[in-house]
Amino acid sequence: MSAALLVRVLRDPAVAAGLDAAGWNGLLAAARAERLIGTLAYRLDDAPAQARPILDDARRDTAREAQQALWEADRAALALAPLGVPVVLLKGTAYAAAGLKAGQGRFIGDLDILVPREAMPAVEQALIAADWEWVKEDAYDDAYYRQWMHELPPMIHVERDRLIDVHHTILPLTARQTPDAAALIAAAIPISDGLYILSGEDRIVHAAAHMLADGDLQGGLRNLWDIYCLLPDADPVALQARAAHHGLGAHVAQARRLAAALYGDGARLTVWDRIVRARLLARDGWGRETRKLLVFAFYLRSHWLRMPPLMLARHLWTKWRKGHRPQ
Amino acid sequence: MRHATTLRIGPATFRIGSAWPQPIADLSRLYAAYPAMTGAIADFTVRLQPTSLMRRFVRPSIFITGDHGLADAAPMSLSHGLLAAEMGMNLQMALGWRRHLLLHASSVEKDGRALVMTGESGSGKSTLAALLSERGWRLMGDEFALLDLETGAILPFPRLVSLKNRAIDVVAGQVGDARMGPLLRATAKGDIRHMVPRADAVARMDQGAMPALLLFPRFGHDDDVRLVGQGEIFMRLTQASTNYVALGEPAFAGLTRFVTGVPARAIDFPSGEAAIAMVERLWEELA
């Protein structure tokens with residue numbers, strides 16, 4: 001199980017010194033598959049001669065990604081400046097913009113921003129005027145996003161080919177929990193003209209909600225690494241109070257246990273924690289997903305979390321008729 | 001994975017795993033003269049895996065992936081397993097290589113200087129490189145030329161040469177069956193057969209050469225030689241590179257140096273023989 005090896009090396013880089021070539025191959029394949037190769041590269045001070053250029057490449061790639069992500073944030077800020085609404089950077093771009101440890105070596109895909117819900121129509125218009133356009137031209141998906149999701153359908157910039165996700169809260173409206181979006185924005189910290197990042201506590205609440213209350217734990221080791229790196233910036237008592245305010249106390253508590261168990265000094269895990277851990281570590285030394293049944297169960301759960309049963313049935317039926325099949 | 005091998009081609013090492021024995025056996029036979037890499041740390045992992053559980057056994061179908069992959073990659077028949085392995089290695093290079101500017105081009109070397117030939121699939125660049133490598137030139141590669149951004153040299157990537165359709169008989173007749181792979185019929189690009197490079201190409205695969213001539217070959221037209229403007233050359237080479245954007249400013253500087261320093265021509269030719277005569281003449285005049 002090379003995801004387990006990856007986690008051991010991230011926890012204690014000295015472990016890498018004892019690896020043979022087969023160990024290194026498994027470590028690198030798992031790190032790439034989990035999109036943690038850049039993080040691994042920053043974590044390791046030394047490596048065998050054959051592995052060093054691979055890690056150098058990863059560092060260079062993630063440095064370029066951070067540069068691109070910050071430029072994209074700058075462009076969005078420029079397009080939205082006339083509206084005078086706060087634009088809160090989320091996830092990777094926020095970590096890079098604030099120079100946080102979680103951003104070091106992190107892959108950054110799309111630009112994720114949070115804006116007040118009442119500003120969404122104006123934001124949408126301003127982005128379209130600045131050459132962003134819809135990715136999916138599907139009436140059902142579009143209507144679904146607008147009615148039930150916490151974000152607009154993804155948009156892509158015509159020239160720069162980069163995606164932007166515009167959020168008005170951090171969980172789908174159909175999820176069991178309803179975080180206080182207005183409080184997220186009210187507590188956000190300004191970092192440059194018109195751009196904000198979430199407060200130290202809210203950053204962790206968002207990361208934990210994204211990882212454990214939404215989605216199927218695809219990329220979960222990376223999300224958990226983010227949380228592990230964000231935790232020292234938050235006061236534990238304030239964090240638990242804030243998480244409870246957003247209705248996500250249990251999720252944040254679980255994220256803290258898992259972060260400590262996998263990347264830190266250890267923690268007492270519940271049975272459910274152990275099941276999540278088994279899903280997180282489902283990756284072999286060729287970078288392949290293992291534990292197919294468990295992975296599929298989490299895929300089903302992700303839908304269950306998102307919608308009440310009747311709505312889920314209708315959604316799956318519509319998607320099936322459109323030819324969509326689970327991977 | 002159940003079947004695996006590790007290969008080094010030029011500066012890149014690949015760990016290739018397969019759910020079936022045939023692709024690995026083909027690779028082992030055709031790459032027998034390449035350096036033994038057992039126990040090496042590989043730059044890339046390539047996986048040839050079944051498209052689904054059933055497709056491991058019934059009408060076996062290969063999904064090509066690895067460290068870098070494309071979700072919508074077309075599945076391939078197991079009878080084309082060797083091609084799948086080669087495509088898997090190309091995919092890693094195209095998407096993941098960062099140590100040199102990667103140009104979709106063939107290259108050959110003579111007297112320590114390199115001739116680079118770039119063009120679309122079907123332009124004849126692979127065939128031309130294969131034919132030249134049987135006539136006193138050293139094959140550096142038929143698919144990717146690696147431009148070293150610090151020194152300006154072209155580095156070899158001499159994997160098996162991939163010959164298509166009519167080129168197969170032309171080249172096989174000259175090199176003999178011992179250096180040819182199995183005939184792969186009716187692939188997505190037609191019939192394909194791989195050629196093993198000559199021993200010198202493998203023995204000297206760590207030796208680069210300064211580029212002395214750039215050609216844009218085009219097969220299937222009457223003889224013609226045309227000048228190409230530097231602006232057009234630059235744009236065509238950025239399009240022929242998969243990592244130009246990823247490498248940022250050093251790639252711009254390195255490519256500018258290449259374009260301003262290396263003479264270039266577009267050449268049309270009706271046959272391999274005509275092309276060779278034309279290349280030798282231009283090399284005498286320009287390189």
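Here is how names work: the chains are called A, B, and so on, in the same order as the sequence lines, proteins then strands, and each is numbered from 1. Note that the structure is predicted; figures quoted are calculated from it, not measured.
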| query | How long is the span from the OG1 atom in B:Thr45 to the CZ atom in A:Arg32, to the nearest 0.5 Å? | reply |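 Output value for this atom pair is 7.0 Å.
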| task | First locate atom CG of B:Leu247, then atom CZ of A:Arg64, and finally report the distance between them rounded to the nearest 0.5 Å. | result |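 With rounding to 0.5 Å, CG (B:Leu247) is 8.0 Å from CZ (A:Arg64).
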| field | Contact winner vs chain A - B:Ala42, B:Gly69, B:Gly39, heavy-atom pairs under 4.5 Å | value |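 The residue among B:Ala42, B:Gly69, B:Gly39 with the greatest pair count is B:Ala42.
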| field | A:Asp61, part contacting chain B, at a heavy-atom distance under 4.5 Å | value |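 Only the side chain of A:Asp61 comes within 4.5 Å of chain B.
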| Working for side-chain contact (heavy atoms from CB on, under 4.5 Å), residues B:Asp43 and A:Asp57 | CA-CA 10 Å; B:Asp43 294 298; A:Asp57 289 348; over 6 Å; no
Take atom [atom1] of [X] as the centre, draw a 6.0 Å sphere, and report whether it contains more than 12 heavy atoms from other residues, nucleotides or ligands.
X	atom1	answer
B:Phe252	CZ	no
B:Glu120	CD	no
A:Gln67	CD	no

| query | Do any of residues 3-18 of chain B have a heavy atom less than 4.5 Å from a heavy atom of chain A, and if so, which, in residue order? | reply |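 Those residues of residues 3-18 of chain B which have a heavy atom under 4.5 Å from chain A are B:Ala4, B:Arg15, B:Ile16, B:Gly17.
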| Given side chains that start at C-beta, do those of A:Ile54 and B:Arg99 come closer than 4.5 Å, heavy atoms only? |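 They are in contact (side-chain heavy atoms under 4.5 Å apart), so the answer is yes.
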| Is B:Asp67 close to A:Ile37 at the side-chain level, that is, under 4.5 Å between some pair of heavy atoms? |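 Result no, sub-4.5 Å side-chain heavy-atom pair not found.
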Tell me whether [X] contacts the main-chain N or O of [Y] through its side chain, where contact means a donor paired with an acceptor under 3.5 Å.
X	Y	value
A:Asn25	B:Ala40	yes
A:Arg288	B:Gln49	no
B:Arg47	A:Trp286	yes

| message | For the interface with chain B, which of A:Pro53, A:Ala33, A:Ala22, A:Ala51 has the highest count of heavy-atom pairs at distances below 4.5 Å? | response |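 Most heavy-atom pairs within the cutoff with chain B belong to A:Pro53.
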